[in-house]
Amino acid sequence: MNQLYNTNNILESLFESFEYADTAQLRLVLDLDHSDEVLRQYLSIDEMREIGSFFTGQKLSSLAVKGLCNAITFDSVVLDPTCGAGNLLIECSRKLGIKNSLLETLKLWGNVLCGFDLFESFIRATKMRLILEALDRGAKKDCSLAEALSQFGNIKVMDAMYLHSEELKNITHAIMNPPFSSWDSPEVNYWKKGKVNSAGVVLDHYIRNLPDECVISAILPDVLRSGSRYEEWRSYTSNNLIGNCEVIGRFNKKTDVDVFLLTGLLKTSNENISWFKSLQEYTPVSEFFDVCIGPLVAYRDPEKGPRYPYVHPKNAPVWETLKELSETREFTGRIIEPPFVVIRRTSSPSDKSRASATIIATAEAVAVENHLIVIRPKSSTIKDCKKLLKVLKSPKTNDFLNDRMRCRHLTVGIVKQIPFQ
Ligand SMILES: C[S@@+](CC[C@H](N)C(=O)[O-])C[C@H]1O[C@@H](n2cnc3c(N)ncnc32)[C@H](O)[C@@H]1O
């Protein structure tokens, strides 16, 4: 992270020579779409993933601030507990007025804006960018850099998870895009053992520790909204936040993760948050079909035993009915009696069809690879397979899957829930 000190030097020289500063460069450092790109020049994608440092662009930052259901004023105390280089705090500052003098402006902003991050270079960048933002908006430079920086005593290096209700009791607004990394489960309350998404852990911690009536706006990974592992997280959040959930789609062009915006007011609540679009009552696929993952795991299967027709994503052209398969394979595991439908597990909201399917209508039972999901009609008829293919191809199924599951693969659970009738 130390490489970022170079960038901070640029920010500091922009302050020192503000009167002669290159306005294009100034605008660039304040451009919320630019900071993510700057970070990518210094860090590999793996490093960015590990610390979860993906900075929020302009459009999403504006949406997140708009989502705060009480206005930000000089009486507010606004916290971004994982503030990175300050994008969300800069967008919040744009709701605050400025005074003639820089020092006076920063005194007021410093009482409102609070932020934490693990990295000193990010905290320094946040403060510097807020100072430059105030100058860019017209406040007159009337103090030294040290004086300007010292106004932001509430923006500091801190582990967001170390703060509890006593230290957070004055916060009126919390805005966040927490890291989406893999953390060890806290193993308290409803958290089970294993690795979990850090964004869920951070939000849970802040729901427990922020004061009642605090308003929240959080950019979160879609897995928290749609993953079956996070049902208890959703239920806890619903019980403690009078909130609203908006599907946003991909975080930005370079970051292949879908996000949603959760906004609301902290308060014990009996109202459920609508995590998904509500549908009229319907009959799901599971009523007429058995659904499972293909049992053959190709890379570790010893290829021993009787030989069967073998299907995997590459030899199953979509929307076709196959009476014969081009490959066979020896297999001792569970084979599937035809007719049945297979769909590819890999599936993205950018695909034309989320559930690309093929009917398998061979004479013999088939070895099915585990990158396919098997959907076998309880009636054992090809007629039901054909009906299902139509359903899977329909825009309604695409809409359903895009609402329920925006991550890049389908699960047995979600396929079972697809509306069949
Ligand atoms: C996804 S970035 C968001 C930054 C900023 N809020 C934005 O929207 O541009 C998450 C930030 O959280 C920081 N972070 C990760 N773990 C943290 C922790 N335990 N406490 C505080 N900050 C943390 C990372 O360094 C990173 O800057």
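Counting starts at 1 for both ligands and their atoms, in listed order.
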Atom pairs and distances, side-chain donor-acceptor, residues 197-207, under 3.5 Å, sequence neighbours left out:
unit_1: Asn197; atom_1: OD1; unit_2: Ala199; atom_2: N; d: 3.0
unit_1: Ser198; atom_1: OG; unit_2: Pro179; atom_2: O; d: 2.6
unit_1: Ser198; atom_1: OG; unit_2: Ser181; atom_2: N; d: 2.8
unit_1: Ser198; atom_1: OG; unit_2: Ser181; atom_2: O; d: 3.2
unit_1: Asp204; atom_1: OD1; unit_2: Arg208; atom_2: NE; d: 2.8
unit_1: Asp204; atom_1: OD2; unit_2: Tyr190; atom_2: OH; d: 2.5
unit_1: Asp204; atom_1: OD2; unit_2: Arg208; atom_2: NE; d: 3.4
unit_1: Asp204; atom_1: OD2; unit_2: Arg208; atom_2: NH2; d: 3.0
unit_1: His205; atom_1: NE2; unit_2: Leu163; atom_2: O; d: 2.6
unit_1: Tyr206; atom_1: OH; unit_2: Ala160; atom_2: O; d: 2.6

By side chain to side chain contact (heavy atoms under 4.5 Å, CB included), which residues pair with Asp256, not counting sequence neighbours? Arg250, Arg408
Identify, with sequence neighbours excluded, every residue that meets ring-ring contact (aromatic ring centres under 6.0 Å, His included) alongside Phe289. Phe420
Output yes when Glu133 and Arg94 qualify as a salt bridge under the 4.0 Å nitrogen-oxygen rule, no when they do not. yes
Ion pair present between Asp222 and Arg406, side-chain N to carboxylate O less than 4.0 angstrom? no
Quick test of your reading of the model: are Lys193 and Asp184 salt-bridged, counting only N-O distances below 4.0 Å? no
Below 3.5 Å only, please: the N or O atoms of ligand 1 paired with protein N or O atoms, distance on each line.
unit_1: ligand 1; atom_1: 6 (N); unit_2: Asp80; atom_2: OD2; d: 2.9
unit_1: ligand 1; atom_1: 6 (N); unit_2: Thr82; atom_2: O; d: 2.9
unit_1: ligand 1; atom_1: 8 (O); unit_2: Thr56; atom_2: OG1; d: 2.4
unit_1: ligand 1; atom_1: 9 (O); unit_2: Thr56; atom_2: N; d: 3.0
unit_1: ligand 1; atom_1: 19 (N); unit_2: Asp159; atom_2: OD1; d: 2.9
unit_1: ligand 1; atom_1: 20 (N); unit_2: Ala160; atom_2: N; d: 2.8
unit_1: ligand 1; atom_1: 25 (O); unit_2: Asp117; atom_2: OD1; d: 2.8
unit_1: ligand 1; atom_1: 25 (O); unit_2: Asp117; atom_2: OD2; d: 3.4
unit_1: ligand 1; atom_1: 27 (O); unit_2: Asp117; atom_2: OD2; d: 2.7

